[in-house]
Amino acid sequence: MLTSNIARDENGSLLFAGQDVCALADRFGTPLYLMDEARIRENCRMYQNAFRKAFGDAALPLYAGKACAFRQMYRIMAEEGMGVDAVSRGEIHTALSAGFPASRIWFHGDGKTDEDIRYALDKGVGCFVVDGPEELEALDAEAGKRGIRQKVLLRVTPGIDPHTYEAVNTGRVDVKFGVPIGTGQALEFVGAALNAEHVELDGLHCHVGSMVFDETVFEDTADLMFAFMRELREKFGYVTGTLNLGGGYGVRYVEADKQADIPARIAALAEHLRALAARASFPMPVILMEPGRSIVADAGMTVYTVGSVKRIPGFKNHVIVDGGMTDNPRYCLYRAQYTVLHAERAGGETAVFDLAGRCCESGDIIQPAVTLPADTRRGDRIAVCTTGAYNYSMASNYNRLGRPPVVMLREGESYVAVRREGLDELCALDL
Ligand code: LLP
C-alpha cells in the first residue's frame, strides 16, 4: 500500500490507521476527512529528532498551518513541542483559541494589513516574518506605539528554481514573495530593519517552493543565503542569528513518487550548513524550517459515496461521488495526482474511470483515469489517499456544499475534530 497506515482486511475492506473505512463512513457520513493522529505525531517527532540531532536544541521545526489548520491540530502541535507558521489572523486565532502559545508563532504573509499587524502585536506573537519594506515600516510604527521591539525575520528571495509546479514555486527572483537578493533590494531591506527602532532583527527567512524532491535545493539555497549573510556582515557588521529555510519537502501521492528520506536530507543539510558557517567564520545560526505537507499529508484520507456511474461506450466512464473540487481542489488547480481506492473490495475485474465530483462543471474532477472494480455502483465507498495537506484547508462552499467533518483516528477510537458544516451554518452569515 502507498503508506503504512493503509491496509485491507481479509475480506478486502479498506483499513486506515487500523480502522474500517466503510464503518467510519456509516457512522460519520460522507464526504468525510479522516486523519490518523498517530501519524501526525510520528511526523512531528521525525522532524524534532532529526532537528535535534542535526542542529542541537535551539533549532525548531515550525508546522506550516496552511497545510491543515483547526484547533485540535494546534493542540497536537503544542503537545509535540512544535512552533507554528501562521499566515493570517484566522490561523493565529485558531491556534491561540486552542491554547497554542503566541510566543511560538511565526507570523508570515505577503499581504498583512494594518489590522493584522495590530492583532498579532496585541496577541504577543513571537516573531513576524516581514515580507517587504512597507510592512516593515507599518510594523515599526505599530510596535513603537506599544513601546516594544518586535522580533522579526526578513523574507528574502534567493533566486533559485526548486523544480516544482508553477503555483508553488516561490524561490525565483520574480515571485511576489519577499525581497530579492539579486537586485540589491534585500540589502536595503536589511539596512532598513537595522535602523528601525522598534524592530529587533533576528535573522532571515526564505522559502523556495513546495513538493520539492530535488535533493540539493536546500543546500543550494543555503549557499546563496550564506553569500548574502557575508554581504550583510561586510556592509553592516550584522551577523545573522537565525536562518529559516522554509518548508517544502515532497510527499508520496502515488506509487511512482519517490519517498523522501527527510531525516537523511536534514542531516546532509546540517553538514552543509556547518561547512558553510566554518568557511565564512560564522557562528552556526539557529536553523528553522516550516514543513506543512510532510507533517499531515499521509495522515489524511477522504471517503466518498458513489452517487452514479456513467459508462459512455467508446469514450470514458465516470464515477461521480458526493464531494469534489469543493473538498479537494488540487487536481483542478495543479493537476495533482492521487491514489484512489475502492473502500469495500479489491480484486476482480477492473475498469478505468474518471473520479468526478458533484459540482456543476465538467472540470470538477478529483482524479482522472483511476482503476476501480468494474462493477462499481451507487452506494459504494471510494477513498482518496494522502489528503491530509491542502484539502480541508483549501475546501470551499462552491454550489453551497457544506465542508466535510474531520474525524481523527486514535488508538482504535475515533472522534470529531471539526463538525460537518450543516445547512444552517451555510446561511449563518446571510442577512
Ligand atoms: N513556509 C512558507 C513560507 C510557505 O509558503 C509554505 C507553503 C510552507 C512553509 C509549507 O510548505 P510545505 O512543507 O507544505 O510544502 N496549496 C498548494 C501548496 C501551497 C504551498 C504554499 N506554501 C498545494 O496544494 O500543493
Side-chain angles (χ1 to χ4, degrees), residues 40 43-44 46-47 50-51 60-69 73 77 82-88 91 105-112 127-132 135 153-158 160 162-172 175-179 204-214 217-218 221 225 243-254 257 260 262 265-266 269 287-300 302 325 327-338 366-367 384 386-396:
I40 299 170
N43 288 337
C44 291
M46 175 266 286
Y47 270 104
F51 260 59
L60 184 67
L62 316 179
Y63 168 61
K66 68 205 82 184
C68 190
M73 188 66 82
M77 292 305 147
M82 301 286 284
V84 153
D85 145 356
V87 292
S88 66
E91 284 187 6
I105 297 178
W106 274 252
F107 187 20
H108 284 68
D110 59 334
K112 297 185 194 81
C127 186
F128 277 63
V129 181
V130 179
D131 196 81
E135 181 191 333
L153 297 177
L154 300 185
R155 180 162 182 173
V156 299
T157 326
I160 205 162
H163 307 295
T164 181
Y165 43 97
E166 193 56 26
V168 297
N169 184 331
T170 46
R172 282 196 332 245
V175 295
K176 68 165 184 153
F177 296 103
V179 178
L204 301 175
H205 171 278
C206 60
H207 168 79
V208 297
S210 197
M211 265 312 263
V212 173
F213 282 104
D214 186 326
V217 165
F218 287 101
T221 303
M225 294 301 282
L243 179 60
N244 183 333
L245 292 168
Y249 285 117
V251 304
R252 225 163 144 240
Y253 286 103
V254 291
D257 285 340
I262 293 173
R265 300 258 40 89
I266 290 173
L269 176 62
I287 300 295
L288 305 175
M289 284 180 101
E290 302 157 345
R293 192 189 310 270
S294 51
I295 302 268
V296 288
D298 66 351
T302 309
M325 65 196 290
D327 58 77
N328 184 354
R330 296 193 68 257
Y331 176 76
C332 298
L333 287 171
Y334 320 118
R335 295 292 177 257
Q337 290 188 293
Y338 281 99
I366 298 170
Q367 195 62 197
V384 178
T386 330
T387 56
Y390 304 111
N391 274 234
Y392 169 73
S393 64
M394 293 178 77
S396 78

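We use all heavy atoms of the structure for the numbers below, so side chains are in, but hydrogens, waters and symmetry mates are not. Each ligand, and each atom within it, is numbered from 1 in the order the structure gives. Quick caveat: nothing in here was measured; it's all calculated off a predicted structure.
- Separation of the Y47 and Y63 ring centroids does not fall under the 6.0 Å cut-off.
- Note on ligand 1: P291 sits in its first shell, one or more heavy atoms being nearer than 4.0 Å.
- Each of V212, I262, V217 was scored for a side-chain contact (heavy atoms from CB on, under 4.5 Å) with Y249, with one residue passing: I262.
- Using the six-membered ring where Trp is involved, F128 and F107 have ring planes that are perpendicular, over 60° apart on the 30 and 60° scheme.
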Output, in order, the C-alpha distance, side-chain angles, deciding distance and verdict of side chain to side chain contact (heavy atoms under 4.5 Å, CB included) for L245 and L269.
-> CA-CA 11 Å; L245 292 168; L269 176 62; 4.0 Å; yes
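- For a threshold of 3.5 Å applied to N or O pairs, the pair formed by R330 and ligand 1 contains at least one separation below that value.
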Would I40 and M73 count as a side chain to side chain contact (heavy atoms under 4.5 Å, CB included) if you check the C-alpha gap in whole Å, the side-chain angles of each, and the deciding distance to 0.1 Å?
-> CA-CA 9 Å; I40 299 170; M73 188 66 82; 4.0 Å; yes
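- If you look at Y334 next to ligand 1, the close heavy atoms, those under 4.0 Å, all belong to the side chain.
- The shortest N/O to N/O separation between Y249 and ligand 1 does not fall below 3.5 Å.
- T386 places no side-chain N or O within donor-acceptor distance of the main-chain N or O of Y338, the cut-off being under 3.5 Å.
- The side chain of H207, and not its backbone, has at least one atom closer than 4.0 Å to an atom of ligand 1 (non-hydrogen atoms only; side chain from C-beta on).
- Between E290 and ligand 1, an N or O atom pair is found at a separation short of 3.5 Å.
- Heavy-atom distances between S294 and ligand 1 stay at or above 4.0 Å for every pair.
- Considering backbone and side-chain atoms together, G248 places an N or O closer than 3.5 Å to an N or O of ligand 1.
- Using a 4.0 Å cut-off between heavy atoms, R155 contacts ligand 1 through its side chain alone, with no backbone atom that close.
- Every atom of ligand 1 is numbered from 1 in the order shown, and the set under 4.0 Å from a heavy atom of M394 is 16 (N), 24 (O).
- Interatomic distance, CG of L62 versus CD1 of I295, reported as 10.0 Å (0.5 Å rounding).
- Taking every heavy atom of both residues into account, C68 and Y392 meet most closely at SG-CD2, 4.2 Å.
- Residue contacts with ligand 1 for A64 involve side-chain atoms from C-beta outward but no N, CA, C or O (heavy atoms, distance under 4.0 Å).
- In summary, the aromatic rings of H207 and H108 are positioned with their centroids too far apart to meet the 6.0 Å limit.
- Near H108, the atoms of ligand 1 lying under 4.0 angstrom from a non-hydrogen atom of the residue are 3 (C).
- Contact annotation for D85 and ligand 1: only side-chain heavy atoms (C-beta onward) come within less than 4.0 Å of the ligand.
- An N or O contact shorter than 3.5 Å links G292 to ligand 1 by distance.
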